[in-house]
Structures are given as C-alpha cells and as structure tokens.
Number of protein chains: 2
Amino acid sequence: MSRIKSDAKAFTIHDVAAEAGVSKSTVSLALQGSPLIRPETAERVREAAARIGYVYNRRAGELRRKSSNVIGVVINDLMNPFFAEVLVGIERKLVDAGYIVLMAHTAESLQRQNQVLMSMREQNAASIILCPVLGTPKSLVTDVQGWGIPLLVLVRSLGAGPYDFAGSDNESGNFIATRHLIESNHRRIGFLGGQSGVVLHQRLKGYKLALAKAKIPFDELLVIPSVPTRQGGYMAMQQLLALAPRVTAAVCYNDIEALGALSALGERGLIAGKDFSLMGFDNVLEAEHANPPLSTMDVRPGDLGEQAARLLLARIEDPSLPPQIFLSAPRLILRQSA
Amino acid sequence: MSRIKSDAKAFTIHDVAAEAGVSKSTVSLALQGSPLIRPETAERVREAAARIGYVYNRRAGELRRKSSNVIGVVINDLMNPFFAEVLVGIERKLVDAGYIVLMAHTAESLQRQNQVLMSMREQNAASIILCPVLGTPKSLVTDVQGWGIPLLVLVRSLGAGPYDFAGSDNESGNFIATRHLIESNHRRIGFLGGQSGVVLHQRLKGYKLALAKAKIPFDELLVIPSVPTRQGGYMAMQQLLALAPRVTAAVCYNDIEALGALSALGERGLIAGKDFSLMGFDNVLEAEHANPPLSTMDVRPGDLGEQAARLLLARIEDPSLPPQIFLSAPRLILRQSA
DNA sequence: CTGAAAGCGCTTACAG
DNA sequence: CTGAAAGCGCTTACAG
C-alpha cells in the first residue's frame, strides 16, 4: 500500500509479432498503416498489439529513420504573460500537427540559453523556436543553422542574416500609440520602461517618429528606462510623476510595465484615463481587466505564437523555402487608461 | 543569400574513433569520463571530437541504456500566471539537475490530456508531472504508474491511491483569509469564483470553517461561482455587489479572479480596502502591483514548482520511496485590498 | 588500458 | 503480400 508501482515490462514489436504470428517487419508495416499489408493481417496485428499492451517506442523509430517529432521552444521570460500566451499558441499549433514541445526557460541568461540549446541539439530536436535573451550574439543564428536544425527567431530579431522570424511591428505600433496620445492633446508624453534590445529600439523609434510628425521636440528626460517588469513600471512611473513641468501621458514599453504604472498612479489617488493617460503594448489577457482597463496595442500574442509555429512547420516541410517573416501589425485598442 | 543552410553531416563516435585512432568503445568510454581510459587517450579523444565537431546523440545512447533524461510536464491552464510561475520553478530545478522538459498544455481538455500523456509515453519520458484537468478520472494515476513512469500530481489531488503530490493547503489557507476578514469586522463575506474541482472544494471548506468558528451563518447566496479567469471574477463581483443587504468583503477562489473583481470595483468607483475588502489566493507576481495591491494568501508558486521537481527527482533516484507529499502552507500577505 | 561483438527497438530495402 | 537481414548511434559485458 505504500510503494508506488513501477517497471511494467515493455513490449516490443518482436512480442507483437510473436502474438500475431507474423514477422517483425509485418508488424512495423502494419502499425504504420502500410498498404503493403493485407487488411486482415493488419487487423490481426493491431489486435495483438492492443492485447499485450504494446506501446510504440518512438525514439527507437526515429533513430532508425533519422527523424524527430520534438521541437524545441526556448523562451526568455515566462514571467511576462505575453510570452506565456505566445507559448500556448505555439504549443497548440505544434501538438495539433503531431509534434511535441521541448520547452526551456532562459530567464535572460545567455549561459542558460547555450546550455538548453545544446541539450536540444543532443535530443535531436527537429527544429527550434528561439526567443533570444538580450545580448545574444548574431552569430548564434548561423551556428544553429549550421547544426542542420531549422530555426525560427521569435519576437527579438537578430540582425540581417537570412532566417525565419515572427514578431510584431513595434515601430508602427508605438507610432500609433503615441499619435493617439497626441491626438488627445497631450504634449508632454513620457516613454516608460524598457532597458535595451531591438524591441525597445523599435518602440522608441515609433515614439520619436510620432513626436516629430507632430512637431513636438523629443525630450530625453521623458524616457525613463527600467527593468521590463511590473515593479519596473511602477518605479518608472514614480520618476515620471516627479518631473516638472508635469507629464500628462505616457506610452509604455509593454503591458506589464503599464500595469505597474497603473499601480503607481493608483497609489497617489490618480486615475488613469482621467488624471493621466497611459498606453500599454502587447494586449496581454490581463490588460482588459486591469483597473482601469488598459488601452494598448494589440499584437495578439496567442496568434503570434500560432503563426510562428505555422512558419516553422512550413520550413520543416520544405527546407528550401526562402526566409519567411511574419510581422503582426499592432492594432489600437482603446479602453479606459487613454 | 535566400536559402537557409541545412544538413550538416552528423558525425558519430565512429568518426571520432577514426580521427583519434582508437576504437568506438574507447571513444564512448572516454567521453563518459570513464576511469578505464588513460588520461592521455581521453584527452586525445576529446580533442578529436572537438576538431570534427562531434555532437553526442543522446537518444541513441538512451535507447541502448534504456534511460531517459526528459521529463514530461503537463499543465492545465498556462493562461493563469500561477501555473506559469509553477512551471518556471519546475523547469529551473529540472534543468539544473540535467533533465529537459517536454511541456504540454491541456487547456482543461481531457482529450488533449490523454493525447499528450500518450505522446510522452511514446517519447520515453523518465517521469511525468501532471496538473490534471478538471474531471480527470482517478484511475489515471494507476494507469500512468502502470506504464512504469513515475508520476507526480500537481496542485489538484486525485483521490486516495498512493502517489507523489505537491500542492497547497487550500483549506487552512482560506480559513486564514476568511478569518482575517472577520477580524476586520466584516459579517457579510462573499466567496467569489471557482467552478468545480478539489481545490474549490477545499477553499470553500476553509471559508465555511472560519464562518462557523465566528458563529456567522453560512449563506449559500454569497457564494458566486464563475469560470476561474479575470473575466469570471469581474462578473462574479458584479453579482455580489447587486446583493442586498450589502456584502462588504469577499475571499476569492484565486488571485486572477480577485484581479477581475478589482476591475469591477474600480468600474463603480469603489476602492478595494476602503469600500470593499478583497482577499486573493496564490500570490501571483501581479498581485503586488495590482491597483490597489492585492492582499492574498501566499503559496509561493515558484517554490511550489521547485518542490514538486525535488520530489520527482527523489522518486527517480529511489523508486521504492514511500509516497511523498509537499503541501505549501499559505501565508497571509496583507497589502491594500483587505 | 583497449578492441571486437552484441544488442537497445525500430525501419527499410531486398528477396521471394 | 510477407520474412530475413542490415543498420540507425550508442553502451557494455567480455576478452585480451
């Protein structure tokens, strides 16, 4: 009553063959649904397999066939719900297509990233979806490609070289977000959060562009960097609020920073959308029920994940495809915060 | 310039053997760091391997050795940050121990759960951590155990049978949460959210117990079920607010429901902690920077994940261990909402 | 200390 | 339509 049962003897096609009174080859073919096997025989094999509780050893089959149905997905920050939503989209699509995902979390550690990538290589991953940590050398792309493993880069692009990529149009997205604030008659508009990396660069660019278009001079002091977390957004907002003359609105690096900013606002009894206008970026699930509901740029994270998976599947299907790019066009979602 | 490079010829120990001028066996042993191999020879082998860019084919090795270093982790709801945090804890611990995780998301679908479990079995997973979907038959535990795969059940217990389990003490947790509200002089206290399952049952039990202890009659009308999402919490709170006489406080099924409830409160211009007292459960990361910051029961999700992984590793190490249980004792975290 | 041989559980030409 | 044989890339007794 206290031990946990274990060690069921594993049956092989050899056992099934004996049970069905045919050869190993016939079992293999029958189980694959090969037209070479007569229907009656196939049926007999299937019954025998079920009777003894045979389970296919996929890894053995893949070793022989030199194939693999596992796909590595490496994510830099699962604590950000944006990535969790993307991951779910990827996983759904991949499992539907008959794959299974080897998942790793790097927590922005380059060393951890190298470690898990190597591990996935040893595991013979059929391909890899990588959302690279900050500071990933561009050479990583050619390295992985050199391994013969199709690679899709997610969210954070990694320079020029040809590779498949899925992400969002950060520049135009933040251009739209900032323009919305300008059209609501804000002039002193902050840029809140973010620390480094291409995504920040692009979002900042969209912000500056919108400012320039409206002939509002760019003010370095209004961009407050921070770690891309709620805590970071919270602190950045406090800094922004301390500025004089008063800043009346801000676009945020992403939604979770905006959520942190909302919290800082609330702490001072300020209501977003009334006393201060705030735009997020991503449209994570929690944006809709933030207090107050967060206006943001919708990149449809789940769909982004599915699209990434779709591109990867196409690549596996046809390795000679030219480099594929999916760029989600962020859509303005107006709720209450701006 | 437009094709993505692929198909590097894969080297095997055979190639390394040729390069180093030794036999396959020697290569295998040398790479494993066997003391049987003379240091000079081992060094020569390692150099040869590095020179030709050899990479270990772990799956081949595991086939031969009948081992596996992949561990399946199946999660029912990754859209709930609680599970994302737990997953990160599990993954961190497992990777540190030299394993790699095969991750699957079931989205509360029993069919998907069966599918991925089967897939993990075929993949030869060394063991499985399962957070079962609602409505999982208790027989699943013995099924999986019968496969010879060590199983750890996560968060939602699955009846009596001996198995390893990691979760939290929901009853005592919600007892404490409710008691806190009572001690703050609330009498009409709602229970907000949750739909079915053991976890709800236990949390409800803690709620009723605290009420009983304070001689407050249990009122069926004050428990408002809902889907366990922010949207669910939002709607449940609206219902609760419509009740007369007025309800002044509520414990929530979990944090994300509480967050949704916060949003409903905000919509009516009500401030949690002043106009209404609200307790969450889990202490997900976003609770701290909710608006206002959410008082909740801390189960330390990340640590829970690590503990689950720890138990599993112990089980793999010694299959004869008696059933192990880790129950996180939730701690009261007072912030602003209550 | 090192090599030749068998075998993990499959698949796939090749005969028949 | 079905079987015997070779082989995927490793590991591990067993000799020497």
Side-chain angles (χ1 to χ4, degrees), chain A residues 7-46 48-49 52-70 119 121-126 147-148, chain B residues 7-46 48-49 52-70 119 121-126 147-148:
Chain A
D7 303 319
K9 176 194 174 324
F11 292 101
T12 72
I13 50 170
H14 183 259
D15 301 303
V16 179
E19 177 77 13
V22 296
S23 76
K24 272 172 40 184
S25 329
T26 302
V27 172
S28 178
L29 260 11
L31 261 25
Q32 289 176 70
S34 164
L36 291 180
I37 305 298
R38 206 176 354 146
E40 301 87 89
T41 313
E43 182 54 22
R44 204 144 46 84
V45 169
R46 258 178 271 116
I52 67 176
Y54 166 76
V55 10
Y56 180 61
N57 185 328
R58 169 154 270 124
R59 311 182 79 169
E62 291 182 344
L63 172 60
R64 177 56 230 258
R65 197 197 273 130
K66 285 167 164 293
S67 68
S68 166
N69 84 142
V70 343
S119 186
R121 189 185 182 193
E122 288 188 353
Q123 288 293 346
N124 230 306
W147 300 348
Chain B
D7 304 317
K9 178 196 173 322
F11 293 101
T12 72
I13 49 170
H14 183 260
D15 302 303
V16 179
E19 177 77 15
V22 296
S23 76
K24 272 171 40 183
S25 327
T26 302
V27 173
S28 178
L29 260 12
L31 262 23
Q32 288 176 72
S34 163
L36 291 180
I37 305 298
R38 208 177 353 148
E40 302 87 271
T41 313
E43 182 53 22
R44 203 144 46 83
V45 169
R46 259 179 270 115
I52 67 177
Y54 166 75
V55 11
Y56 181 60
N57 184 330
R58 168 154 270 124
R59 311 183 78 168
E62 291 183 344
L63 173 60
R64 177 55 230 258
R65 197 197 273 130
K66 285 168 164 292
S67 68
S68 167
N69 85 141
V70 342
S119 186
R121 189 184 183 193
E122 288 188 354
Q123 288 293 346
N124 231 307
W147 301 348

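Numbered from 1 within each chain, the chains take letters A, B, ... in sequence-line order.
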Does a side chain donor of either Gln123(B) or Ser119(B) reach within less than 3.5 Å of an acceptor in the other side chain? no
In sequence, state the C-alpha distance, the side-chain angles, and the governing distance for Val70(A) and Arg59(B), and then conclude on side chain to side chain contact (heavy atoms under 4.5 Å, CB included). CA-CA 12 Å; Val70(A) 343; Arg59(B) 311 183 78 168; 4.0 Å; yes
In 5'-to-3' order, the base (B), backbone-only (S) or no-contact (-) status of each nucleotide in nucleotides 10-16 of chain C, using a 4.0 angstrom heavy-atom cut-off, is BBB----
Could you go step by step and tell me if Val16(A) and Ile52(A) meet the side chain to side chain contact (heavy atoms under 4.5 Å, CB included) rule? CA-CA 7 Å; Val16(A) 179; Ile52(A) 67 176; 3.8 Å; yes
Separation of dG9(D) atom P from Leu31(B) atom CG, nearest Å, is 16 Å
Find the distance Lys66(A):NZ to dG9(C):C1' and express it as a whole number of Å. 16 Å
Specify the separation, in whole Å, of atom CZ of Arg38(A) and atom C1' of dG3(D). 14 Å
Do you know which two heavy atoms are closest between Ala20(A) and Val45(A), and how far apart they sit? CB-CA, 4.1 Å
Hey, are Arg46(B) and Glu43(B) close enough for a salt bridge, meaning a charged N less than 4.0 Å from a carboxylate O? yes
For Ser67(B), enumerate each residue passing the side chain to side chain donor-acceptor pair (under 3.5 Å) test, keeping only those at least two apart in sequence or located in another chain. none
What base-paired stems does DNA chain D take part in, with at least 3 consecutive Watson-Crick or G-U wobble pairs and both distances under 3.5 Å? C:1-3 with D:14-16, C:5-12 with D:5-12, C:14-16 with D:1-3
May I have the distance from Glu43(A) (atom CD) to dC1(D) (atom C1'), rounded to whole angstrom? 17 Å
Asn124(A) and Leu63(A): side chain to side chain contact (heavy atoms under 4.5 Å, CB included), yes or no, with the steps? CA-CA 9 Å; Asn124(A) 230 306; Leu63(A) 172 60; over 6 Å; no
Has Thr26(A) got a side-chain N or O lying under 4.0 Å from the OP1 or OP2 atom of dG3(D)? yes
Contact summary for Tyr54(B) and Ile13(B), nearest pair of heavy atoms: OH-CG2, 3.4 Å
Between dG9(C) (C1') and Arg59(A) (CZ): distance, integer Å: 12 Å
